[in-house]
Amino acid sequence: MPNEILLILSLIAIYGAVLLSFVLFGEKGLITWTVLATIAANIEVLILVKAFGLVQTLGNVMFASTFLVTDILSEIYGKKQAKQAVNMGIFALVCFLLISQLWLFYTPTEGDYVFPSIQGVFENTPRVMIAGLIVYAIVQRFDVWLYHRLWQLTEKTSGSRRKALWLRNNLATLTSQLLNTILFTFGAFAGTYSLDELSSIILTSYLIYFMTALADTPIVYLARRIHEKRKLRRDA
């Protein structure tokens, strides 16, 4: 199956899974997804593929889903819960980094055939995951701050807390994703790839993030609608 089709299907499946996590488990489901997504994205990012004529790393869609999660949490539950999700993601990354590095100290048996593959992946992981951890902590906190700052401005301008969701959602995500793309690409891959390759990765990653940011807005609206309907039923 072409990489382009796989990326589109991944976007649908991942965003659908975020919404399903919210529908089934509410706030806890979204925080759980953040933990899963931060670990998976930092492993996927080691894979370089070509799609839509451009070279790119995997993990972009998975990582973009963490911004979707914090936007839903911010919109429905507030800043405190969004920050909690970010903190849980940071904690999960630190734990996984330590655990995965511990695996490499074991001596496998002669009949083992998995260890070389594990070694090949996770010997290269520390720099990527450390860069991902630092950038994640900076960018996600910035995203939550900017989302609520924009919310204050849109509420003041429109006179309503409900209006201009699309504006604060997209501006916060697109700005944060640009910062994330630049910081993470250089932090994780400088010296590994040439400057031209790094530039290509930044360009393609941000193009994907741009599309995923636009695609996540309907999910935020839908999540808010589901929450409001549930609240009305509880209050009835």
Side-chain angles (χ1 to χ4, degrees), residues 4 7-23 27 30-31 33-34 37-38 41 51-52 54 56-57 59-86 89 132 135-185 201-228:
E4 292 81 2
L7 282 173
I8 293 171
L9 292 176
S10 294
L11 177 63
I12 296 171
I14 290 170
Y15 278 17
V18 170
L19 186 61
L20 184 61
S21 298
F22 170 70
V23 170
E27 178 188 347
L30 293 175
I31 292 176
W33 180 267
T34 297
T38 51
F52 302 106
L54 299 169
Q56 57 192 274
T57 60
N60 293 329
V61 177
M62 185 64 76
F63 188 66
S65 71
T66 65
F67 287 87
L68 170 58
V69 166
T70 53
D71 284 356
I72 294 175
L73 287 170
S74 290
E75 188 69 25
I76 295 174
Y77 299 107
K79 184 187 289 187
K80 181 179 178 180
Q81 285 75 9
K83 285 184 175 179
Q84 185 180 37
V86 173
V135 174
Y136 178 85
I138 294 171
V139 174
Q140 287 284 9
R141 289 176 181 275
F142 173 77
D143 179 67
V144 172
W145 172 83
L146 183 58
Y147 188 95
H148 286 271
R149 179 59 180 158
L150 290 170
W151 200 347
Q152 291 174 351
L153 293 175
T154 56
E155 183 180 3
K156 183 177 180 180
T157 303
S158 66
S160 171
R161 285 182 61 81
R162 286 181 52 81
K163 292 182 178 179
L165 167 57
W166 64 272
L167 182 62
R168 56 183 175 267
N169 167 241
N170 283 302
L171 277 181
T173 301
L174 288 172
T175 304
S176 301
Q177 291 285 31
L178 179 60
L179 181 63
N180 167 72
T181 304
I182 295 171
L183 292 178
F184 177 76
T185 301
I201 291 171
I202 289 172
L203 174 62
T204 54
S205 296
Y206 190 67
L207 285 174
I208 292 172
Y209 284 141
F210 186 87
M211 298 306 297
T212 55
L214 297 180
D216 80 7
T217 303
I219 307 297
V220 181
Y221 272 100
L222 185 55
R224 187 176 72 174
R225 183 175 179 83
I226 291 170
H227 174 73
E228 290 174 343

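When a residue number appears, it is its place in the shown sequence, counting from 1.
Rounded to the nearest 0.5 angstrom, R161 CZ and Q152 CD are separated by 9.0 Å. Going from atom CG of L68 over to atom OG1 of T217 covers 9.0 Å, rounded to the nearest 0.5 Å. With rounding to the nearest 0.5 angstrom, the CG atom of L165 is 9.0 Å from the OG1 atom of T154. The CG atom of L19 sits 6.5 Å away from the CD1 atom of I72 when rounded to the nearest 0.5 Å. Residue L178 holds its CG atom at 12.5 Å from OG1 of T173, rounded to the nearest 0.5 Å. In this structure, CG in D216 is found 10.0 Å from CZ in F67, a value given to the nearest 0.5 Å.
With hydrogens and angles ignored, the 3.5 Å screen pairs no side-chain donor or acceptor of T185 with any backbone N or O of I182. The backbone N or O of L146 lies less than 3.5 Å from no partner atom in the side chain of R168, so there is not a single donor-acceptor pair. Here the side chain of T34 pairs a donor or acceptor atom with the backbone of L30 at under 3.5 angstrom. Looking at Y221, its side chain does come within 3.5 Å of a backbone N or O of W166 through a donor-acceptor pair. The backbone N or O of L174 lies less than 3.5 Å from a partner atom in the side chain of Y206, making a donor-acceptor pair.
A side chain to side chain donor-acceptor pair (under 3.5 Å) with R162 holds for exactly one of E155, E75, E228; it is E228. If you run side-chain contact (heavy atoms from CB on, under 4.5 Å) between W33 and each of V18, L20, T38, only V18 comes through.
Counting only N and O atoms by type, the side chains of N60 and T212 include no donor and acceptor under 3.5 Å apart.
In this structure, W151 and S74 approach most closely via the heavy-atom pair CZ3-O, 3.3 Å. Heavy-atom minimum distance, H227 versus F22: CB-CZ, 4.0 Å. What you find for I219 and A215 is that their closest heavy atoms are CG1-O, 4.0 Å. Between L73 and Q81, the closest heavy-atom pair is CD1-O, 3.8 Å. Of all heavy-atom pairs spanning N180 and F63, the tightest one is OD1-CE2, 3.2 Å. Residues S65 and I14 approach most closely at CB-CG2, 3.6 Å, considering heavy atoms.
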For side chain to side chain contact (heavy atoms under 4.5 Å, CB included), just list the numbers for T70 and Y147, CA-CA rounded to whole Å, side-chain angles, deciding distance to a tenth of an Å, and then say yes or no. CA-CA 9 Å; T70 53; Y147 188 95; over 6 Å; no
Would V23 and I226 count as a side chain to side chain contact (heavy atoms under 4.5 Å, CB included) if you check the C-alpha gap in whole Å, the side-chain angles of each, and the deciding distance to 0.1 Å? CA-CA 8 Å; V23 170; I226 291 170; 3.9 Å; yes
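By the 6.0 Å contact criterion, NZ on K83 is open, its count of non-hydrogen atoms from other residues, nucleotides or ligands being 12 or less.
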